[in-house]
Amino acid sequence: MSGETDPVIVMKQEVGKAAAAKVRSGSIVGLGTGSTTAYAIEYLGERLASGELKDIVGVPTSFQAEVLAKKYGIPLVTLDAIDRIDIAIDGADEVDPNKNLIKGGGAAHTREKVVDCLAEEFIVVVDGGKLVDKLGSTFLLPVEVIPMAVAPVTRAIEKLGGKPELRMGVKKAGPVVTDQGNLVIDVKFDNIDNPAELEKTLNNIPGVLENGLFVGVADVILVGEIKDGEPVIREIT
Ligand code: 5RP
């Protein structure tokens, strides 16, 4: 990896590297999405290139993950060609004390949930700022919606007490379009007291494809923190 000096980037690199170091030869690996996971994918590629790691294949959770895997020489498979995923590495936007997550900051949570839930071991890579006492306290909850259903889903979310806003593109006019061709509604809930119930309730609204609550899915959280100017990794199991 590069001679990066920005401590936040160094921390993301280190946490990504720590996750990638857990992957064993012969594994089928879920490749997550986001800036932290990108370093894990890069390091997996380095381990493959050096010969330290052999015979892994990746299952990408997004177009971004697919592009990075190709760049770093990780062979890819689709879910119809395999019967298991050994380990998945993915980021998160919030992590609560029960290892429940909000994901979807990169609008990839639908495919991420498919892959991460299938993995025998799901490792989450975050910086310390993502740890919260209660989900929803710092991050809006992403909900992927098929385009024709945006208006009724918006109304249904308001009835549940949420404040929805359609995610708009950056350096792109109009809304964000997901890898599946859908839209994302980001929702502010004042209190997510029961994430498991809210996850089901939202997914039960006709037109909702998937929401960013990941309840009871994560096995290990690798937290990158800066202590005395140096990156340190803490493992929550
Ligand atoms: C994408 C995600 C990402 O994993 C999440 O947004 C964290 O990304 P980053 O590591 O860049 O903070 O859920 O849908």
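Note that the numbering runs from 1 along the sequence shown for the chain. What you see is a predicted model, and the numbers here were worked out from it, not measured in a lab. In each ligand, atom 1 is the first atom listed, and ligand 1 is the first ligand listed.
- Residue contact check: Gly91 has heavy atoms under 4.0 Å from atoms 4 (O) of ligand 1.
- Using a cut-off of 4.0 Å between Lys/Arg side-chain N and Asp/Glu carboxylate O, Arg234 and Glu225 are scored as salt-bridged.
- Nearest protein neighbour of atom 11 (O) of ligand 1, counting heavy atoms only, is Ser35 OG, 2.5 Å.
- Per-residue contacts place Gly106 under 4.0 angstrom from the following atoms of ligand 1 (heavy atoms of the residue considered): 1 (C), 2 (C), 6 (O), 14 (O).
- Of the protein's non-hydrogen atoms, the one nearest atom 2 (C) of ligand 1 is Glu112 OE2, 3.3 Å.
- For Gly32, the closest heavy-atom approach to ligand 1 does not fall below 4.0 Å.
- Of all atoms in ligand 1, numbered sequentially from 1 with element shown, those under 4.0 Å from a heavy atom of Asp90 are 4 (O).
- Remark: Glu199 engages Lys113 in a salt bridge, criterion side-chain N to carboxylate O under 4.0 Å.
- Annotation: atom 12 (O) of ligand 1 to nearest protein heavy atom, Lys130 NZ, 2.8 Å.
- Around the CD atom of Glu197, the shell of radius 6.0 Å holds no more than 12 heavy atoms that belong to other residues, nucleotides or ligands.
- For the pair Lys17 and Tyr39, the cation-pi criterion (under 6.0 Å, within 45° of the ring axis) is not fulfilled.
- Shown in contact with Gly104 at under 4.0 Å from a heavy atom are these atoms of ligand 1, numbered in order with element: 2 (C), 13 (O), 14 (O).
- For the residues Ala92, Gly105, Ala40, the heavy atom positioned nearest atom 7 (C) of ligand 1 is part of Ala92.
- We find that Asp190 and Lys163 are joined by a salt bridge, their nearest charged nitrogen and carboxylate oxygen being less than 4.0 Å apart.
- Residue contact check: Asp93 has heavy atoms under 4.0 Å from atoms 5 (C), 6 (O), 7 (C), 13 (O) of ligand 1.
- Taking every non-hydrogen atom of Ala107 and a distance limit under 4.0 Å, the qualifying atoms of ligand 1 come out as 14 (O).
- Within 6.0 Å of CG in Asp193 there are more than 12 heavy atoms belonging to other residues, nucleotides or ligands.
- By heavy-atom distance, the residue among Thr36, Thr178, Thr33 lying nearest atom 10 (O) of ligand 1 is Thr36.
- Between Gly34 and ligand 1, no pair of N/O atoms sits closer than 3.5 Å.
- Within 6.0 Å of NZ on Lys200 lie no more than 12 heavy atoms contributed by other residues, nucleotides or ligands.
- We find the CG-CG distance between Leu183 and Leu209 to be 11.5 Å, quoted to the nearest 0.5 Å.
- In the hydrophobic cluster analysis, where Ile, Leu, Val, Met, Phe, Trp and Tyr join through side-chain heavy atoms closer than 4.5 angstrom, Val10 is grouped apart from Val125.
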